[in-house]
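Inspection log for the structure reproduced underneath, given as structure tokens.
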Number of protein chains: 2
Amino acid sequence: MDIAFLNRARACYIERSGDLRTSTLAKAVPNKAKRNQKWQRDPEGMRLRILEAAKQEFATHGLAGARVDRIAVKAGANKRMLYYHVGNKDDLYLTVLEAAYEKIRAEERGLDLEHLDPPKAIARLIDFTWNYFLRNPEFLALLHTENLARARHLKRSTKVKSLHSPFVELIGAVVRRGVASGDFQVAVDPVQLYISIAALSFFYLSNSATLSVIFGRDLLAKRAKDERLDHMVRLVLAALTGKSFAVFDRQPVLEPLATATHIA
Amino acid sequence: MDIAFLNRARACYIERSGDLRTSTLAKAVPNKAKRNQKWQRDPEGMRLRILEAAKQEFATHGLAGARVDRIAVKAGANKRMLYYHVGNKDDLYLTVLEAAYEKIRAEERGLDLEHLDPPKAIARLIDFTWNYFLRNPEFLALLHTENLARARHLKRSTKVKSLHSPFVELIGAVVRRGVASGDFQVAVDPVQLYISIAALSFFYLSNSATLSVIFGRDLLAKRAKDERLDHMVRLVLAALTGKSFAVFDRQPVLEPLATATHIA
DNA sequence: ACAGTATTTATCCAACGAGTTAATTTCGCC
DNA sequence: GGCGAAATTAACTCGTTGGATAAATACTGT
């Protein structure tokens, strides 16, 4: 969901300053072309734009740093609309947070690890996590913001609590299979493993700014990112299988994963 | 540096409401006991209290969420003092950030890994990192805040950039020794390893609030923390040595580390 | 004991930011 | 073709907040 696109859409939907009506957009091309219209109704679209703008704003500035007016402008809306369609700043934030969790849970469900052999399944899991974080940097920021607030909002949210991640069970199953097949040495706690896998990607990406300064190199350069993914996969697989780090050369492990596997 | 203590110190230093002067405190017990004094000079103490209060405030509320007035109150000072002793809100923040980096670097230097055998050295490193983060939760929060700002302040700070962490070199040396002795299988990139070790602790602790909600259990309970440390050490050592996860039972690895090794 | 400076207090204020109120416009429906 | 509800805009309120100013008080050297 690209905010720039959404704004362009709105902007060109009704050419506010001129009379020109070039609305070639999908959905609601009005058949009666009234002139002099100042605005056009679009509740769902408005709500979407508002939430998208709010997500960006909360992600880049945190809860306290976010500005309601800025969200309105970014959404191409009037500030009153935020209150009309969603609620006050806190409601806005909670809605964004819930949507973020829903989104990642949905993508997680699309990943089937069941029929992969255990090492490949773990590798795919790491690859997915890494790429999801990479593609959704706001999610990282929102998570952190919520932790600053000691999960105050999350606790209130029945919605998020009902969204169980399928990963813990999946990892548990993969680990059991791995142990049975002899691929893995020990049955690690799936929660610990899940946290560790998330941690390896999360920390690198969410702290890439300060780490880049400290180490004096750009950790978000293509090369650096490739190396990181490689390192993480090797680290975890070496630990689980008891085989050497070196055994896991890139191609066989990383080849079948990649971005194509992700849901749109 | 305990803010409550500092405040108590100040509060009892001059008993403002009564005449009673029970100043048993170190440093500057005034020999001429003037009566009716309204306040006492203490520039260094004031500065310390301000910075400590600011650290707490920035850590719990982020940069934008921090309130200058609240810092003043917490420091037992007048707001004007912040500007007098440190500078505006941004200066305050940068000073706090720099102090935080200085502190961890100082403790890092106190850790000598050179004469430990490689696996023990790595275990101690993990233990140190874990416990440092546990003892200094504000550091985690500050790091995140700074990353939200895309390291804007850090880049400006010549001080922090000059504070090289000794860990990258140390880890490099340990890894080389380990490879030479046959303990380790492959010479991993020390930067990657450093980041991974920090990541495993950082993510767990800084996101413990949301993770606890998601998993429905208290990740900061004593038991859970012990398990986490155990898991991290096993994970990394198994990966490096190529031996099984199970080989590393708790006692031998964790015994010689513990809190006593840390600098005050 | 006195002058001059360092430190601290007591107010003030202009800008900002969240949230509201009321007026205006669109649109489905009869 | 017009009525009423839904959607949107414009303008305003009012507490908060970072920062500034000036006055008061403690300390230092002489």
Side-chain angles (χ1 to χ4, degrees), chain A residues 10-11 13-14 16-17 21 23 27-50 53-54 57-58 61-94, chain B residues 10-11 13-14 16-17 21 23 27-50 53-54 57-58 61-94:
Chain A
R10 177 180 176 80
Y13 191 35
I14 302 181
R16 296 199 179 203
S17 39
R21 301 288 303 286
S23 55
K27 198 186 165 193
V29 178
N31 30 16
K32 15 182 172 179
K34 287 183 187 171
R35 300 234 150 217
N36 297 331
Q37 280 198 198
K38 293 183 185 165
W39 48 269
Q40 170 95 25
R41 286 188 181 192
D42 182 16
E44 304 89 15
M46 176 67 92
R47 199 185 140 88
L48 275 182
R49 289 199 312 276
I50 288 172
E57 178 72 10
F58 285 123
H61 299 280
L63 181 50
R67 293 289 166 261
V68 172
D69 293 274
R70 230 156 26 199
I71 295 175
V73 172
K74 275 189 214 165
N78 185 286
K79 182 166 55 162
R80 180 70 179 78
M81 291 293 86
L82 313 189
Y83 293 88
Y84 182 76
H85 286 286
V86 188
N88 63 18
K89 193 179 177 183
D90 250 43
D91 297 335
L92 211 50
Y93 170 75
L94 183 58
Chain B
R10 177 181 176 82
Y13 191 33
I14 302 180
R16 295 197 180 205
S17 40
R21 299 290 302 287
S23 55
K27 199 189 163 190
V29 179
N31 30 17
K32 15 181 172 177
K34 286 184 188 171
R35 300 230 150 221
N36 297 333
Q37 280 197 196
K38 293 184 184 166
W39 47 270
Q40 171 93 24
R41 286 189 178 189
D42 181 16
E44 304 89 13
M46 177 67 93
R47 198 183 142 88
L48 275 182
R49 287 198 313 276
I50 288 172
E57 180 71 11
F58 285 123
H61 299 281
L63 181 50
R67 293 291 164 260
V68 173
D69 294 272
R70 231 158 25 201
I71 295 175
V73 172
K74 275 189 215 166
N78 187 287
K79 185 165 54 160
R80 180 69 179 80
M81 291 292 88
L82 313 188
Y83 294 90
Y84 182 76
H85 286 286
V86 187
N88 64 17
K89 193 179 177 183
D90 250 42
D91 297 336
L92 210 50
Y93 170 75
L94 183 58

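Chain naming here is simple, since letters A, B, ... match the order of the sequence lines and numbering starts at 1 in each.
In this structure, the CZ atom of A:Arg47 is 17 Å from the C1' atom of D:dT8, given to the nearest Å. Atom CE of B:Met81 is separated from atom C1' of D:dA24 by 12 Å (rounded to the nearest Å). Rounded to whole angstrom, the span from the OH atom of A:Tyr83 across to the P atom of C:dT21 amounts to 13 Å.
Backbone-only engagement by A:Ala66 is indicated by non-hydrogen atom pairs under 4.0 Å involving sugar-phosphate atoms exclusively. Within 4.0 Å (heavy atoms only), A:Ala64 reaches no atom of the nucleic acid at all.
Proximity of A:Gln40 to the phosphate of D:dT8: no side-chain N or O atom is located under 4.0 Å from OP1 or OP2.
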Check nucleotides 4-6 of chain D for protein N or O atoms closer than 3.5 Å to its own N or O atoms and list the pairs.
{"residue": "D:dA6", "atom": "N3", "partner": "A:Arg41", "partner atom": "NH2", "Å": "2.4"}

Polar atoms only, N or O, under 3.5 Å: list the protein pairs with nucleotides 13-16 of chain D and their distances.
none

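Judged as a salt bridge (Lys or Arg N to Asp or Glu O under 4.0 Å), and not counting sequence neighbours, the contacts of B:Asp69 are B:Lys79. Considering only residues two or more places apart in sequence or on other chains, A:Arg70 meets the side chain to side chain donor-acceptor pair (under 3.5 Å) condition with A:Glu57. With sequence neighbours excluded, the residues satisfying ring-ring contact (aromatic ring centres under 6.0 Å, His included) with B:Tyr93 are B:Phe58, B:His153.
Side chain of A:Met46, nearest nucleotide from C:dG19, D:dG18, D:dT9: D:dT9. Of the candidates C:dA18, D:dG18, C:dT7, the closest approach to any side-chain atom of B:His85 belongs to C:dT7. For A:Asp42, counting side-chain heavy atoms from C-beta on, the closest listed nucleotide (C:dA18, C:dC27, D:dT8) is D:dT8.
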Can you give each donor-acceptor pair under 3.5 Å made by side-chain atoms of residues 80-87 of chain A, sequence neighbours left out, with the distance rounded to 0.1 Å?
none

Once base and sugar-phosphate atoms are separated, protein heavy atoms under 4.0 Å mark nucleotides 10-15 of chain C, 5' to 3', with B, S and - as B-----
